[in-house]
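Worksheet: one structure, shown below.
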Amino acid sequence: MGLKCINCYHELVFITLFVGGLVSIWSRRAVLAAGLSVGWAGAAMAKPSPLTVGVVGGPQVGTWPLWLAHRLSFLDQHGLQVQIRAQDELFGSAQTLTQGRLQAWIGPLAAQWLWPNASPNPYKPVLAMTRSPQLALGHMPRTLAAAQDERPSLQTIAVPQWGGHTHWMAQGLATRMGWSMSHVRWVSMDRVDRLHRALLTQDVQGFALDEPMLSALEVEADVSLWGDLRRVDDLKQWLGGELPGHCLWVHETWAKDHPKAVQALVSALERAKQWLLDASVMDVVATLGRWWPQWSHATWVRAWQSNRATLSADGALTAAHLQRMAKLWRDMQATPWPPQRLA
C-alpha cells in the first residue's frame, strides 16, 4: 500500500473540525459519567443496539480495551450488541473503512493522514486508547560493529508490514532522528523467529516493531533500542510530547443519529481501560492469552509491564495531539525517501 499525502487544506480543516467537536464530545461524556453513578443495571436492561466495530492492528495494546469490553460483558451491560470485525490492514481489501461500512472502529490516529485522497473520511476520533504509539526502533548489538548511538551508512530495517501504520510511524521516528531515508530499505517480516535469524545473519541491521511482536523479540533476543516510544522521555525527545496511538473512531452520521450508543460505547471502553489499569498482571495475561495463544506467557508479561503506563486513562484527544501528528507528517514529506519493497 502506498503512503498517500493529504494536502494542507484538508489537514487544517480536520484539525479545526476536531477542536470544534471536542466540547460536544466531552460534554456528552460528562453527562454519561454522571449517569454512571446510578449503576449499569438500567443500561443492561435496555434493548441492545446492534453495531459493527472494526479493529485495526490485531493484538496491539490500543485494541485491548475493545476485546476486554467484549470478553467481560461491558458492552452488553451498556446496552450494546457489538459485532467485532478484525482487519490486519488499515485499509483492507474489503474497503470497509473507505466506504463507511462500520459504525465505529479502533485504529491509529495517523489514519487521517494516511486516508486515501480519493475517498473522504466519514469518521471522527473521539477517544484515545493509548498515550503513544507502542513502537520502538532498534537493533541487536552483535549485528553492528558501531556503538549503539551510531548509524550505519546503509540499513535494511524490518517492519511487520510494508506500507502499514508501523512502517509509517517508523519512518517518522527515523526522520526525527536525522536518518536519511535514501539510506534506509524496508522489508516485511511478521514472524519473530524469522526476524531473529535475519538479525543474527545480518540480512537486516535493524527493526521497527510494535506490540506484542516487540516484546516477543525482547524476550527472545538481546536487543538495543535507538528510540522507544513506550517511554515518556523518548516521546518528548522525538515527538515533542504525548501522541495517541490507537483511538476510537465513530462514523459522524451514525454518531449524530445515535448519541446514546456513542456514549455507551465510550463508557464500556473506559471501563475496560480502568480494568486493565487495576488488574494484576496475571489477570491481564490470562485474559489476553486466551485470544492470542501464539504469543508466550513471557511475551504478554513483558508487553503489559512495558505498556501499562501508555494507556490513556482519561481518553483525552487535544488540538496539541493533532498538531504534533500534522507536524510529523510534514517533516516526513520534507525528507525525500524512495519507498522500497524487498523480495
Side-chain angles (χ1 to χ4, degrees), residues 14-56 62-87 96-109 111-112 115 120-130 244-275 311-319 321-322:
F14 173 71
I15 294 177
T16 301
L17 292 175
F18 174 84
V19 175
L22 283 177
V23 175
S24 62
I25 292 168
W26 289 103
S27 295
R28 290 199 301 270
R29 293 185 60 200
V31 172
L32 176 62
L36 289 179
S37 61
V38 179
W40 295 291
M45 295 175 62
K47 183 178 180 180
S49 302
L51 69 147
T52 303
V53 179
V55 178
V56 176
T63 71
W64 294 358
L66 179 62
W67 295 110
L68 286 170
H70 173 69
R71 180 78 180 185
L72 302 176
S73 299
F74 293 163
L75 296 169
D76 294 338
Q77 292 168 17
H78 285 277
L80 297 172
Q81 182 182 338
V82 175
Q83 177 186 3
I84 299 177
R85 180 178 296 177
Q87 289 188 216
T96 53
L97 290 184
T98 55
Q99 295 182 9
R101 298 178 185 175
L102 304 175
Q103 285 81 42
W105 61 285
I106 290 179
L109 180 62
Q112 180 63 29
W115 200 274
N121 184 357
Y123 299 95
K124 182 176 183 177
V126 297
L127 183 72
M129 297 290 105
T130 58
H246 277 60
C247 302
L248 169 66
W249 296 73
V250 297
H251 196 290
E252 293 196 63
T253 301
W254 173 78
K256 182 178 179 180
D257 294 338
H258 302 87
K260 291 183 179 179
V262 175
Q263 292 176 355
L265 181 57
V266 167
S267 185
L269 292 172
E270 290 194 317
R271 284 184 65 191
K273 283 194 291 181
Q274 193 59 51
W275 184 93
L311 281 172
S312 178
D314 60 7
L317 283 168
T318 68
H321 294 151
L322 272 292

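Worth knowing before you read on, the calculation uses all heavy atoms, side chains too, and leaves out hydrogens, waters and symmetry mates. Count residues from 1 along the sequence.
You'll find the side chain of P125 reaches within 4.5 Å of the side chain of L109, heavy atoms only.
In this structure a side-chain-to-backbone donor-acceptor pair under 3.5 Å is missing from T130 to G62.
The two residues Q103 and T52 make their nearest non-hydrogen contact at OE1-N, 2.5 Å. Shortest non-hydrogen contact noted between H78 and A264 is O-CB, 3.4 Å. Of all the heavy atoms in L68 and A272, the pair that sits closest is CB-CB, 4.2 Å. Of all non-hydrogen atoms in K273 and S312, the two that sit nearest each other are NZ-O, 2.6 Å. When all heavy atoms of T63 and H246 are compared, the closest pair comes out as CG2-CD2, 3.8 Å. Closest of all the heavy-atom pairs between A255 and V250 is CB-CG2, 3.9 Å.
Taking CG of L127 as the reference point, atom SG of C247 lies at 8.0 Å (rounded to 0.5 Å). Here CG of L72 is found 13.5 Å from CH2 of W67. Values are rounded to the nearest 0.5 Å. Note: L80 CG to D76 CG = 8.5 Å, rounded to the nearest 0.5 Å. H70 contributes atom NE2, which lies 10.5 Å from atom CD of Q83 (distance to the nearest 0.5 angstrom).
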(request) Step by step, work out the side chain to side chain contact (heavy atoms under 4.5 Å, CB included) result for W254 and L102. (result) CA-CA 9 Å; W254 173 78; L102 304 175; over 6 Å; no
(message) I'd like to know whether L66 forms a side chain to side chain contact (heavy atoms under 4.5 Å, CB included) with L269, so could you lay out the CA-CA distance, the side-chain angles of the two residues, the decisive distance to 0.1 Å, and finally the verdict.
(response) CA-CA 6 Å; L66 179 62; L269 292 172; 4.0 Å; yes
(request) Begin from the C-alpha positions of W64 and L311 and carry the test side chain to side chain contact (heavy atoms under 4.5 Å, CB included) through to its verdict. (result) CA-CA 10 Å; W64 294 358; L311 281 172; 5.8 Å; no
(request) Could you please spell out the steps behind the side chain to side chain contact (heavy atoms under 4.5 Å, CB included) verdict for L75 and L265? (result) CA-CA 7 Å; L75 296 169; L265 181 57; 3.9 Å; yes
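Aromatic ring pairs are classed by plane angle as parallel below 30°, tilted from 30° to 60° and perpendicular above 60°; the pair H251 and Y123 is perpendicular.
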